[in-house]
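I have placed the structure first, in the form of structure tokens, so that the comments after it can refer back to it.
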Amino acid sequence: MQVRTRFAPSPTGFLHIGGARTALFSWAYAKRHQGQFILRIEDTDVARSTPEAVQAILDGMEWLGLDYDEGPFYQMQRMAQYKTIIQQMLADGSAYLCYCSKEELDALREQQMQQGVKPRYDGRWRPEDGKDLPVPPQGVPPVVRFKNPSTGVVAWDDLVKGRIEIANAELDDLIIARADGTPTYNFCVVVDDWEMQISHVIRGDDHVNNTPRQINMLKALGANIPQYAHLSMILGDDGQKLSKRHGAVSVMQYDEEGYLPEAVLNYLARLGWSHGDEEVFDMQQFCQWFDLDHITASAAQFNTEKLNWLNAHYIKTCPQEKLITETIKRLKAKGVFAEATSQLSDAIALYRERANNLNQLAQDIAFFFVAPVANNMDVEKHITPEALPIMSAFVTKVSKIDWSVEAIHMAMNDIVTEHQVKFPKLAMPLRVMLTGGAQSPSIDQVMFILGREVALQRINAYLS
Ligand code: GLU
């Protein structure tokens, strides 16, 4: 059997973390089985769907590198197809017209509530052998209802949750087309999963309740029933339902906040799925390992610390070229203009080991390109009256050396020996003067990358 999976977001908001994980699992499952992955935009809720949300989904998929073999298909462009199938179902008796007005349905519901029974459609327009149907009222446009089997059970072996069985008596006859002729959500999903020949439906478990109805409709259409895997939800760090309050929830916000897509993907892959103790793996490896047997049925909990740890790992292993592009972009966002020079590349090489975030990396190296505003406490602590003559002597010395890390280092050694002070008495004020703060990698390396002219300007600014 050809594996065909799909991701079917409703464009009513950005691509959030839960959606991205669903997309990732569907994508990986198709890749693992040399199948196809399809993107389908479920935009039939016209009141809530927006072009911006469609774009946000496409951008999020692209940022994550989740490429699709078919699509994007838009349900709004498939209306004629849904309507044709509704007509076929009316003709073959698997669907029927229902003329109940809203008032009648409200009254029915009211009555059922009073009797303490579950509100449901009572089948008054449902054709049955030997049953006399009411006469259609004048001027009332009917809805179309699916004729759900009234007996037996509908069951499936969920690839995450195990066997699920629902008695048909629990399900009433679903409206598949509204009075204005537009098809409803569950029906569109059914037609699409059928026509797109989806073999595995991997989706959030908020859709578990739709599945029995969808299976019954697929059966009525004579379609193959796909396998279903319903993923449990993702909870925040605090065990509560994931929401804005937990920080970034949109995938693109992770980009804005300095995460590499590789880190987010690796992180999402482990959110509710495992392969032994493996924590760090790329998507190629993931696609070789991924299966539906190792998805946890319980809710997965978000762990920001782990995501940050993975981000640090991927920054360390990221190709230098990519880090250069990312850093230029992020410096620019801070109003710092840097070009892809060897100076920028050297600065990144020096700082990347310390960074667990791309924005932090940009922040850390911004001082190479704009004079830093020094931290007052560091200035007071390190740029003391005793430090000034030492710095002065150092300026004189480094004005004449060959410009290399080794020569700068030797000059520093010479000065501390001459002034009979410990190394930090020179290194610390130098750090503050050059970088604006008391923390940096080897200051001789920093100074070398900064260049003689700028370095001396920054030191002299404190000496004059
Ligand atoms: N459009 C649905 C959603 O965004 C998903 C439907 C499905 O996967 O069957 O929640």
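Counting convention: from 1, in listed order, for ligands and their atoms alike. For the single chain, residues carry numbers from 1 onward in sequence order. In this text the structure is predicted, and so the values were computed from the model without any measurement.
- A salt bridge is absent between Lys322 and Glu326; no separation between the charged side-chain nitrogens and carboxylate oxygens falls under 4.0 Å.
- Close N/O approach between His207 and ligand 1 is found [any backbone or side-chain N/O within under 3.5 Å].
- The closest approach between any non-hydrogen atom of Gln214 and ligand 1 is not below 4.0 Å.
- Near Arg6, the atoms of ligand 1 lying under 4.0 angstrom from a non-hydrogen atom of the residue are 7 (C), 8 (O), 9 (O).
- In this structure, Trp289 has its ring center under 6.0 Å from that of Phe281.
- By the 6.0 Å and 45° rule, Arg145 stacks over the aromatic ring of Tyr121.
- Annotation: atom 5 (C) of ligand 1 to nearest protein heavy atom, Ala8 O, 3.2 Å.
- Proximity of Phe7 to ligand 1 is not established, as no heavy-atom distance is less than 4.0 Å.
- Tyr29 has its ring centre no less than 6.0 Å from the ring centre of Phe37.
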Scan the side chains in residues 7-18 for donor-acceptor partners under 3.5 Å anywhere in the protein, sequence neighbours excluded, and list what turns up.
| residue | atom | partner | partner atom | Å |
| --- | --- | --- | --- | --- |
| His16 | ND1 | Gly18 | N | 3.2 |
| His16 | ND1 | Gly19 | N | 3.2 |

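- Looking at ligand 1, you'll find an N or O of Ser10 within less than 3.5 Å of one of its N or O atoms.
- Proximity of Tyr228 to ligand 1, defined as any heavy-atom pair under 4.0 Å, is not found for any part of the residue.
- Between Tyr96 and Trp125, the distance separating the two ring centers is not shorter than 6.0 angstrom.
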For this session: Start with the C-alpha distance between Asp122 and Arg109, add both sets of side-chain angles, then the distance that settles salt bridge (charged side-chain N to carboxylate O under 4.0 Å, His left out), and finish with yes or no.
Result: CA-CA 10 Å; Asp122 63 358; Arg109 172 185 300 261; over 6 Å; no
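- Looking at Pro9 against ligand 1, only its backbone comes within 4.0 Å, counting heavy atoms.
- In terms of protein heavy-atom proximity, atom 6 (C) of ligand 1 is nearest to Tyr185 OH, 3.0 Å.
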